[in-house]
2 protein chains.
Amino acid sequence: MPPNNFPDSIIDTLSIDCLIFGFKDGELDILLVKHAEGISKDRWALPGGWIQYNESIDDAANRLLHSLTGVSNIYLEQLRAFGHVDRYPANRVITIAYYALVNADNYSLNPGFTASDVQWFKIHDIPKLPYDHNEILYFGYMHLKQKVMNEPIGFNLLPKKFTLHQLQQLYEAILETSLDKPNFRRKLLNMNLLKPCNEKQEDVSHRAAQLYRFDKKMYDKLREKGFIFEL
Amino acid sequence: MPPNNFPDSIIDTLSIDCLIFGFKDGELDILLVKHAEGISKDRWALPGGWIQYNESIDDAANRLLHSLTGVSNIYLEQLRAFGHVDRYPANRVITIAYYALVNADNYSLNPGFTASDVQWFKIHDIPKLPYDHNEILYFGYMHLKQKVMNEPIGFNLLPKKFTLHQLQQLYEAILETSLDKPNFRRKLLNMNLLKPCNEKQEDVSHRAAQLYRFDKKMYDKLREKGFIFEL
DNA sequence: CCACTAATAGTCAATTTGACCATAATTTGT
DNA sequence: ACAAATTATGGTCAAATTGACTATTAGTGG
């Protein structure tokens, strides 16, 4: 497929790195893989790979994410490209970073071909990563903080059905603040983006909370009328 | 400098495209160049170029912008990478798009080596551009709309000293709405981000308005205390 | 049935917003 | 010199939103 003067993949020039966010036990997590080979063997790093000649960069990111988690249809967006000259030691590699929001309950992890291990790390307990991966992580986290304030994407980190308290804990974890419970409830419910399920929480040793789901159709409708999600 | 198995530049694989926003006569503008050679000869397109092997992608964007406008220290940020397989007809090219905000009064334009002409186009009067440049433009414009609501970057499109009315017109042009004048004044002034100059507007056939400048130091100080710019 | 925990409901003052109206300062035409 | 036009700037006021709380309710576990 590629013309004669091109390699089979755009290998060694352009890579993809994924920032995969999860949420568990009230804390924000990042998925890291332990490299089984190459320059950074035995070190934890962001999962990534090479872009093939005949796939778009979005496809490449989805392929990598799928091979790692076994799940498709995950919330995935490009963060941006990172291209310092010396970010990769062996040769010049520019990487395009993506970030994904997943509900960690939904699947089992799979180290894939080039990794020997996969593991969730708490966002505040990340080891020193190779290359500029810590910088990418920091940038992505700041981006998420910003984004979560202005778009209803946090739901992707929760199960389909969730309680208001879970949602609040999620925002508290991401934004690193504490929020007033009654005020948080009031604000979210007044947006009309949460549709109550006919179900309640189970197996809790106190009054069971109402379960809600994010009403995407309603969100689309409201947005057409000029509604802007906020906080 | 590059190892033997690499071309002098990452030419033909990775390009940079710049979305340069300007503001004039109450309208938002985009700078386009007319290609003097290559596949899209004689067509208007986003200014761009190739990334050299020994410069970072940010450096490459700055270099291109400088060669086009003759000015440095322009507000310039990466938008994102665009990488559909068939976005470029001859071969596989991934482009990293940047957007810049400039005060169009400050400099003269220079078509550079590969362009035969440079010109400002009103944002609502953009011709059909080659490749995916219209898509990049649309994405960048949406990004600017979003960004301008949450960060005080609009000032980069105005002269150092400006009136509140100019600022309002700028926001109206970007956001495509009309704003209430007294309310806009009240909101902006209450933020304490505008430092009044000891000067007034000149050569206008009505009461001259106070000139203000954006107080970046104050903004940094307020942001440390948790202030978030909005609208 | 009592203690505990968290859900849910409600209060209230302070602040911010949206929709206005009023006045002040200039310039231009007569 | 004065009126008309034009834009800047300064207010008002009710409605909506926010922040900081208090109160009540439902369910669990001893």
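Labels below follow one simple rule: chain letters A, B, ... track the order of the sequence lines, proteins then strands, and each chain is numbered from 1.
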Asks: Between P on C:dC21 and NZ on B:K181, what's the gap in Å once rounded to a whole number?
Replies: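 Roughly 15 Å, once rounded to whole Å.
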
Asks: Could you give the CG-to-P distance, from A:L188 to C:dA7, as a whole number of Å?
Replies: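 So the CG-P distance, A:L188 to C:dA7, works out to 14 Å.
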
Asks: Under 3.5 Å, side chain of B:Q78 to main-chain N/O of A:A81, donor-acceptor pair present?
Replies: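 Here the side-chain-to-backbone pair exists.
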
Asks: Output the rounded distance in Å from NE2 (B:H206) to C1' (C:dG29).
Replies: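 So the two atoms are 17 Å apart, to the nearest Å.
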
Asks: When you measure from the centre of the six-membered ring of A:Y141, is the NZ or CZ of A:K145 closer than 6.0 Å and no more than 45° off the axis?
Replies: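 Yes, A:K145 lies over the aromatic ring of A:Y141.
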
Asks: With B:R186 as the cation and B:F184 as the aromatic partner, state whether NZ or CZ is under 6.0 Å from the six-membered ring centre and within 45° of the axis.
Replies: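 Here B:R186 fails the 6.0 Å and 45° test against B:F184.
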
Asks: C:dA9 C1' sits how many Å from A:F184 CZ, rounded?
Replies: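 It works out to 17 Å between those atoms.
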
Asks: Need to verify one output field. Residue with the more 5' nearest nucleotide on DNA chain C, A:K200 or A:S205?
Replies: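 Closest to the 5' end, via its nearest nucleotide, is A:S205.
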
Asks: Could you tell me whether B:R213 sits above the aromatic face of B:F162, with NZ or CZ closer than 6.0 angstrom to the six-membered ring centre and within 45 degrees of the axis?
Replies: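 Here B:R213 fails the 6.0 Å and 45° test against B:F162.
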
Asks: Rounded to whole Å, please give me the gap between CZ in B:R185 and C1' in D:dT9.
Replies: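 Atom CZ in B:R185 sits about 5 Å away from atom C1' in D:dT9.
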
Asks: Report each atom pair, protein N/O against N/O of nucleotides 10-17 of chain C, whose distance is under 3.5 angstrom.
Replies:
unit_1 : atom_1 : unit_2 : atom_2 : d
C:dT17 : OP1    : B:K187 : NZ     : 3.2

Asks: Any side-chain heavy-atom pair from A:L28 and A:F21 closer than 4.5 angstrom?
Replies: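 Side-chain contact under 4.5 Å: yes.
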
Asks: Determine the minimum heavy-atom distance between A:K147 and A:Y75, stating which atoms define it.
Replies: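 Distance-wise, the nearest heavy atoms are CE-OH, 3.9 Å.
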
Asks: Using whole Å, report how far CE of A:M191 lies from P of D:dT17.
Replies: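 That distance rounds to 11 Å.
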
Asks: Could you list the residues that satisfy salt bridge (charged side-chain N to carboxylate O under 4.0 Å, His left out) with B:R43, not counting sequence neighbours?
Replies: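 Checked B:R43 against salt bridge (charged side-chain N to carboxylate O under 4.0 Å, His left out); zero matches.
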
Asks: Give a yes or no on whether a donor-acceptor pair under 3.5 Å exists between the nucleobase atoms of D:dT25, that is its base, and the side chain of A:R207.
Replies: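 Yes, a donor-acceptor pair under 3.5 Å.
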
Asks: Reckon B:Q210 touches a base, only the sugar-phosphate, or nothing at all at heavy-atom distances under 4.0 Å?
Replies: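 Sugar-phosphate: the residue B:Q210, judged by heavy atoms under 4.0 Å, touches backbone atoms but no base.
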
Asks: Between atom CD in B:E202 and atom C1' in D:dT7, what is the gap in whole Å?
Replies: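 After rounding, the reported distance stands at 17 Å.
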
Asks: Calculate the interatomic distance between B:F162 atom CZ and D:dA8 atom P; express it in whole Å.
Replies: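 Rounded to whole Å, this separation is 14 Å.
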
